Structure formats: structure tokens, C-alpha cells
There are 2 protein chains.
Amino acid sequence: MTDAVEAGPSRPVGRPPRPGLPGGSGLTSSKARRAAPGGGETVTGRVFTILEAFDHDHTALTLTEIARAASLPVSTAHRLVGELAGWGALERGTDGAYRIGLRLWEVGSLAPRSVGLRERAMPYLEDLYEATRQNVQLAVRDGHEGVYVERLAHPEAVRLLSRIGGRWPLHGTGVGQVLLAFAPPAVQEAVLAAPLTSFTARTVTDPTVLRRTLAGIRRDGVAVCDGMIDLASLSVAAPVRGESDGVVAAISVVVPSPSSPGGIEPRTLVPAVRAAARGISRALGAPTAHRTQRPVR
Amino acid sequence: MTDAVEAGPSRPVGRPPRPGLPGGSGLTSSKARRAAPGGGETVTGRVFTILEAFDHDHTALTLTEIARAASLPVSTAHRLVGELAGWGALERGTDGAYRIGLRLWEVGSLAPRSVGLRERAMPYLEDLYEATRQNVQLAVRDGHEGVYVERLAHPEAVRLLSRIGGRWPLHGTGVGQVLLAFAPPAVQEAVLAAPLTSFTARTVTDPTVLRRTLAGIRRDGVAVCDGMIDLASLSVAAPVRGESDGVVAAISVVVPSPSSPGGIEPRTLVPAVRAAARGISRALGAPTAHRTQRPVR
DNA sequence: AGGCTGGCTTCCGTCCACCGGAAGCAGAGG
DNA sequence: CCTCTGCTTCCGGTGGACGGAAGCCAGCCT
């Protein structure tokens with residue numbers, strides 16, 4: 001009769017399991033815990049499940065919604081949510097709904113790869129933004145996805161799908177391709193091996209083509225990505241290097257695609273993006289950023 | 001988006017002191033409470049204590065440092081930290097030290113009062129920044145403190161002590177005074193009743209003076225705060241209103257104090273700051289922001 | 001070498017904090 | 001009135017968390 005797939009009800013707000021983060025020490029519990037009918041196994045796990053109930057499309061949830069999303073009994077959710085709210089990780093509005101609290105954001109802003117990076121990059125992003133008056137983005141890699149750390153958008157610029165704190169697969173965006181091109185080989189292979197989801201007719205989905213594209217990015221130090229997420233927009237991206245000279249982030253400018261009305265010829269943007277990326281790299285202490293750039297032919 | 005989130009009572013670290021104490025059958029009296037040697041009482045509490053070990057001056061901590069800061073046995077800290085790192089709330093560097101993880105920042109960026117607010121305010125802050133090329137700040141109130149949500153700083157501008165995600169008492173900063181002036185009476189009274197810490201010779205420490213200052217801010221819709229945190233800098237701040245017309249945030253421009261070399265006459269900044277605040281209020285849906293402003297005398 | 005220190009990790013028996021069903025409560029709707 | 005939905009409180013039973021102890025690994029001193 002009913003499809004008794006899982007004990008837990010359909011998970012409306014759930015999120016796909018995280019892509020395996022490589023390089024794990026023995027942190028995986030490996031205890032082969034029980035079939036996990038409920039949400040998390042440990043208290044901490046349940047708390048995480050509760051936090052995961054929130055996303056960009058669900059910034060305010062009632063207690064029951066949280067309980068449902070986290071597959072927890074209401075009374076359990078109530079207790080945990082109460083504690084979260086008591087500390088400030090969640091806030092309860094006058095409407096009774098819970099939202100992510102300022103306190104949690106406050107702690108999160110201590111993450112070196114987010115606000116720390118952003119702070120150093122900001123002046124250069126500003127300049128880049130002034131030069132184009134379009135969209136400027138800063139992203140880092142987490143696992144097999146790119147996470148947008150900063151975004152400056154002119155109200156009248158091309159509408160973007162990305163959001164601060166949002167994630168996108170690496171193969172479809174300018175910054176993503178850059179991050180992928182300079183990622184550890186293991187990550188590259190894993191991404192190339194998995195099916196490449198398509199967003200528009202122009203998205204690269206062929207691993208061979210992507211591999212060639214990545215090689216080109218490594219050679220040029222720039223990625224130009226036209227209409228892969230949204231046919232109307234084009235992005236020019238460049239890598240940002242850190243102290244150890246590894247690529248720690250990527251920046252991009254997103255403008256209307258040249259095939260669209262009001263489109264811009266990407267070649268004109270390359271020098272500015274490259275210069276900004278180099279500036280940030282220098283600010284981060286990247287050794288090679290001080291050397292003179294080989295002329296662009 | 002709504003601004004229905006009301007700032008909870010200032011609850012810096014505390015937790016409800018064990019709601020229990022159900023009368024009637026006295027449960028095990030010996031329960032009283034262990035001398036509370038550990039950090040928190042509940043697992044969740046301990047996790048919070050661990051997160052609290054991190055701050056702007058300690059963004060990277062080793063396991064033992066965390067354990068010490070959270071007053072937890074190393075083995076307990078090890079287990080909890082392991083789980084936190086497994087989820088992504090913490091990240092472990094190659095040096096073995098733990099840092100706040102990108103995942104935590106990601107969730108934190110869903111807080112309506114931080115990134116949500118920031119996104120809508122950004123264009124106006126940009127303009128304000130362009131106009132002055134100094135420092136522009138955006139802050140909200142949390143309890144009895146102001147939390148800086150955004151800060152645009154020119155590398156050559158006056159050095160500020162504030163940081164994104166940082167907290168400052170309300171009475172000493174421009175944005176703080178604005179937030180306090182429009183805070184619920186209970187909050188105002190509480191702040192006025194408590195001793196007002198002094199940062200420079202110019203900090204207001206007399207409740208009577210502060211009360212008068214707040215009244216002036218409510219009247220003018222602007223605060224001018226000269227040298228109260230740092231003798232060399234002056235800030236001009238204005239309130240930002242939300243949907244329900246309540247003050248939800250404050251913005252400010254910080255420039256060199258007129259008494260310092262290169263100082264700027266604050267009066268010239270007032271219109272720009274007021275206009276930006278009004279623009280943000282309108283973007284947030286504040287009803288009164290659409291009315292014409294009464295001319296500035 | 002050997003001993004020592006300081007930090008990290010694993011193990012496992014004890015015990016108490018967490019769990020969650022059930023009941024009570026408040027508000028909206030019929 | 002009753003019903004329904006969602007939130008809150010209560011409390012007995014138990015399984016997960018606790019943390020001391022021991023093992024491990026580097027680095028450092030003698």
C-alpha cells in the first residue's frame with residue numbers, strides 16, 4: 001500500500017548529503033550505528049539537523065516545521081530549539097517562527113575562509129565593482145562545491161542566481177571552474193567522474209571538454225564562462241592565491257552575455273579581473289603575486 | 001522579509017537556570033547541583049561553550065586550548081570537537097589547530113538581521129562610501145550591545161576599532177547611541193542604570209547627559225559622536241527603520257575628528273547619512289520612509 | 001640513548017541527562 | 001459548543017554521554 005521506504009516521513013526541507021570531504025582523519029564515527037530512524041544520532045547531530053532545516057528559501061520556520069524537517073518528535077525539537085534560542089543560535093520572532101540568530105552569524109564570521117578572506121579582498125572587489133558597475137563575486141571551494149563568500153551587485157546589473165552563503169557545483173560557474181582547475185587532483189577526478197548536471201544548453205557536461213577547459217584555465221590564469229548557468233550572463237574569473245601559493249579562492253565579474261542585448265565583450269574585462277585577483281593574492285601574502293606578470297601576448 | 005525579530009533580553013552567556021524544581025515530590029535532593037566544574041550543563045551548552053572559545057583574537061585554537069577555555073576534560077572536548085569538525089562547524093588546519101568552519105558561517109549567513117539586512121543595505125552603503133571614501137558602518141542592537149553587521153573601510157581611512165561581527169556597548173558609539181535612542185524603554189533604562197564604561201576622556205558617562213543626548217537624537221534623527229571611543233575619530237549616525245516602522249538598525253560614517261589634523265566638519269555629512277538611512281528604510285519597507293522629509297531647519 | 005613533557009587519541013564502565021509519549025493549553029475555525 | 005493544529009510541560013526509563021586512565025607520538029633536554 002504505502003511505500004514504506006523509510007521510517008522517517010518524506011523530508012521536505014532536507015538537503016542532499018554532503019559530498020564526501022576528502023582528507024578525513026578518522027573522524028567518521030565508523031561505529032556503524034543503528035539504522036537511524038530519528039534525525040541525528042547524538043545530541044550534537046540532532047542540533048545540526050535542526051540548523052540544516054534552514055536554507056535560503058526557508059529562513060523562518062515554526063517549531064513543527066523544524067521538527068518535521070529534522071525528523072524529530074516535537075517535544076524533542078522543542079527542548080533543543082529552546083536551548084538554541086536561549087543561547088542566540090536561533091531567534092524567535094513575534095510571529096512565533098524561529099530564524100537563525102545573530103549570535104550564530106557572529107561566531108560564523110570568525111571563519112577565516114569567509115569574513116577573514118573577505119575583509120582583505122574587499123578593497124580590490126570595490127575597485128573592480130566600480131570599474132564595471134555590474135556584479136563582482138568572491139568564492140571558495142568546499143568539497144565539490146563553490147561557496148560564495150561575497151557578492152557586490154548593482155541593482156540594475158544582470159540578475160544573478162548566486163547568493164552569499166550559497167553553493168554551486170564547480171563545473172558550471174566561472175569561479176567554480178577556476179577553483180576546480182587548481183584543486184587537488186583527487187577532487188578534480190572525482191568531479192570529472194561524477195555526472196555533470198546541466199543548467200542551460202551551454203553547460204559543459206562532457207568530461208573531456210571540461211578537462212580541456214580546465215587545462216586552458218591553468219594556462220591562462222583566467223576562465224571565461226558564457227551562459228552556463230544562465231544564458232544571459234557571462235563571467236570572467238581568476239584565481240586568488242594564499243601564503244602557501246595554493247589557490248584559496250576565486251573572483252569573477254559577471255556581465256550580460258555578448259549574445260544578449262547590451263552584451264559585453266569579455267576580453268576587455270580580463271586585465272581588470274586578473275589585476276584584482278593578483279592584488280588580493282598579494283594582500284594575502286602569496287609569494288608569486290609579487291613577480292611581474294607575463295604579458296598577455 | 002519581515003523584521004519581526006525582536007531582540008531578546010540580553011543574554012550574553014547565561015542559560016535558563018534549570019527550569020525544573022517541580023514542587024510536590026521532591027526529587028533527589030542530593031541533586032542540588034554539582035559544583036558545575038564543567039562548562040555547560042547540557043551537551044548543547046557544552047557545544048556553545050566550545051564555540052565561545054573562539055573570538056577575534058583567537059581564531060585558531062588547539063584541542064587543549066579549547067578544552068581549557070571551555071573548562072572541559074580533554075577527552076570530552078575531543079569527542080565534541082570531533083563531531084563539530086565532522087559536520088563542518090569547525091575545520092582543522094594542517095597545523096592541527098581548529099578554526100571556525102565555512103559551514104557554520106554558511107548557516108549564520110541565513111540570519112535575517114545580518115546578511116539579509118546587509119544585502120538590502122549594501123547599495124546605499126556603497127554610495128555613502130563613495131561619497132566620503134572613509135568608513136561606513138551598519139549595526140544592529142542585540143541586548144545591550146551593538147553588533148556591527150557590515151563595514152566598508154578605505155585602507156587609508158581612519159583606523160577603526162570596530163570589526164564585523166564585533167560588539168560594542170551602546171552608549172559610546174554613533175550607531176550605538178542611535179540604536180539606544182530608539183530602543184524599548186526597558187532597554188534604555190537598564191543601560192542608563194548600569195555604570196557607563198569610559199573609553200576616552202570624551203565618553204559620556206553621566207546618565208543625565210546621555211539621556212539628554214538620546215532625546216536630541218530622537219528629535220534630529222541623527223547622532224554625532226565625537227571621540228568617544230577613539231579621540232581621533234568622529235561618527236555621524238542615523239536610524240534605519242523596518243516594516244513595522246521600528247528602528248531595526250543604524251548606519252554611520254566615521255571620519256577624522258575635526259579637532260585632529262585632517263578633520264572634517266561633521267555637519268556636511270549629515271544629509272548624506274540621513275539620505276542613505278532613509279533609502280535603506282525604504283528598501284526594507286518602512287512606511288514613513290516614503291513621506292517627504294521635513295527640511296533640516 | 002633514555003627520560004620527560006605536552007598534546008592528541010582511544011577505550012570502556014558508570015550513571016545521569018536526554019528522550020519522547022502523553023497530557024495540558026491556547027488560539028483559530030466551523 | 002466541539003474540533004483541529006500547534007506549542008508547552010511533565011516525568012519515568014534508558015541508552016548515550018562522560019571522563020579517568022592508558023596508549024601514542026613529537027619534540028626537547030640531559
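The sequence lines fix the lettering, A, B, ..., with proteins before strands; numbering per chain opens at 1. Just so we're clear, the structure is a prediction, and the values are computed from it rather than from any experiment.
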Heavy atoms only: give me the nearest Pro169(B)-Thr197(B) pair and the separation to one decimal. CG-OG1, 4.3 Å

Can you name the side chain to side chain contact (heavy atoms under 4.5 Å, CB included) partners of [X], sequence neighbours left out?
X         : result
Glu91(B)  : Arg113(A), Asp142(A), Leu102(B)
Arg151(A) : Gln137(A), Ala153(A), Leu160(A), Ser162(A), Ile164(A), Glu119(B)
Ala60(B)  : Ala97(B), Arg99(B)
Thr59(B)  : none

Whole Å only: how far is the [atom1] atom of [X] from the [atom2] atom of [N]?
X        : N       : atom1 : atom2 : answer
Leu72(B) : dC8(C)  : CG    : P     : 14 Å
Asp95(A) : dA28(C) : CG    : P     : 14 Å
Glu41(A) : dA17(C) : CD    : C1'   : 17 Å
Ile50(A) : dC18(C) : CD1   : P     : 13 Å
Leu84(B) : dA17(D) : CG    : P     : 13 Å
Leu80(A) : dA17(D) : CG    : P     : 12 Å

Does a side-chain N or O of Arg46(A) approach OP1 or OP2 of dG20(C) to a distance below 4.0 Å, or not?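 For dG20(C), OP1 or OP2 has a side-chain N or O of Arg46(A) closer than 4.0 Å.
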
How would you list, by chain and number, every residue that makes a ring pair (Phe, Tyr, Trp, His ring centres under 6.0 Å) with Phe54(B), sequence neighbours excluded?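 In terms of ring pair (Phe, Tyr, Trp, His ring centres under 6.0 Å), with neighbours along the sequence ignored, Phe54(B) is linked to no residue.
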
Holding to side chain to side chain donor-acceptor pair (under 3.5 Å), I want the full list of residues that pass it with [X], two or more places apart in sequence or in another chain.
X         : result
Arg118(B) : Glu150(A), Glu150(B)
Thr44(B)  : Glu83(A)
Glu189(B) : Arg211(B)
Glu106(A) : Arg167(B)

Leu72(A) and Ile50(A): side chain to side chain contact (heavy atoms under 4.5 Å, CB included), yes or no, with the steps? CA-CA 9 Å; Leu72(A) 290 173; Ile50(A) 287 178; 4.0 Å; yes

Shorter than 3.5 Å, N or O on both sides, protein versus nucleotides 24-29 of chain D: list them out with atom names.
none

Got a list of protein N/O to nucleotides 7-9 of chain D N/O distances below 3.5 Å?
residue	atom	partner	partner atom	Å
dC7(D)	OP1	Leu63(A)	N	3.3
dC7(D)	OP2	Thr64(A)	N	2.8
dC7(D)	OP2	Thr64(A)	OG1	2.0
dT8(D)	OP1	Arg92(A)	NH1	2.6
dT8(D)	OP2	His78(A)	NE2	3.4
dT8(D)	OP2	Arg92(A)	NH1	3.4
dT8(D)	O5'	His78(A)	NE2	3.4

Angle between the two end axes of the helix from dA1(C)-dT30(D) to dG30(C)-dC1(D), five base pairs per end, rounded to 10 degrees? 30°

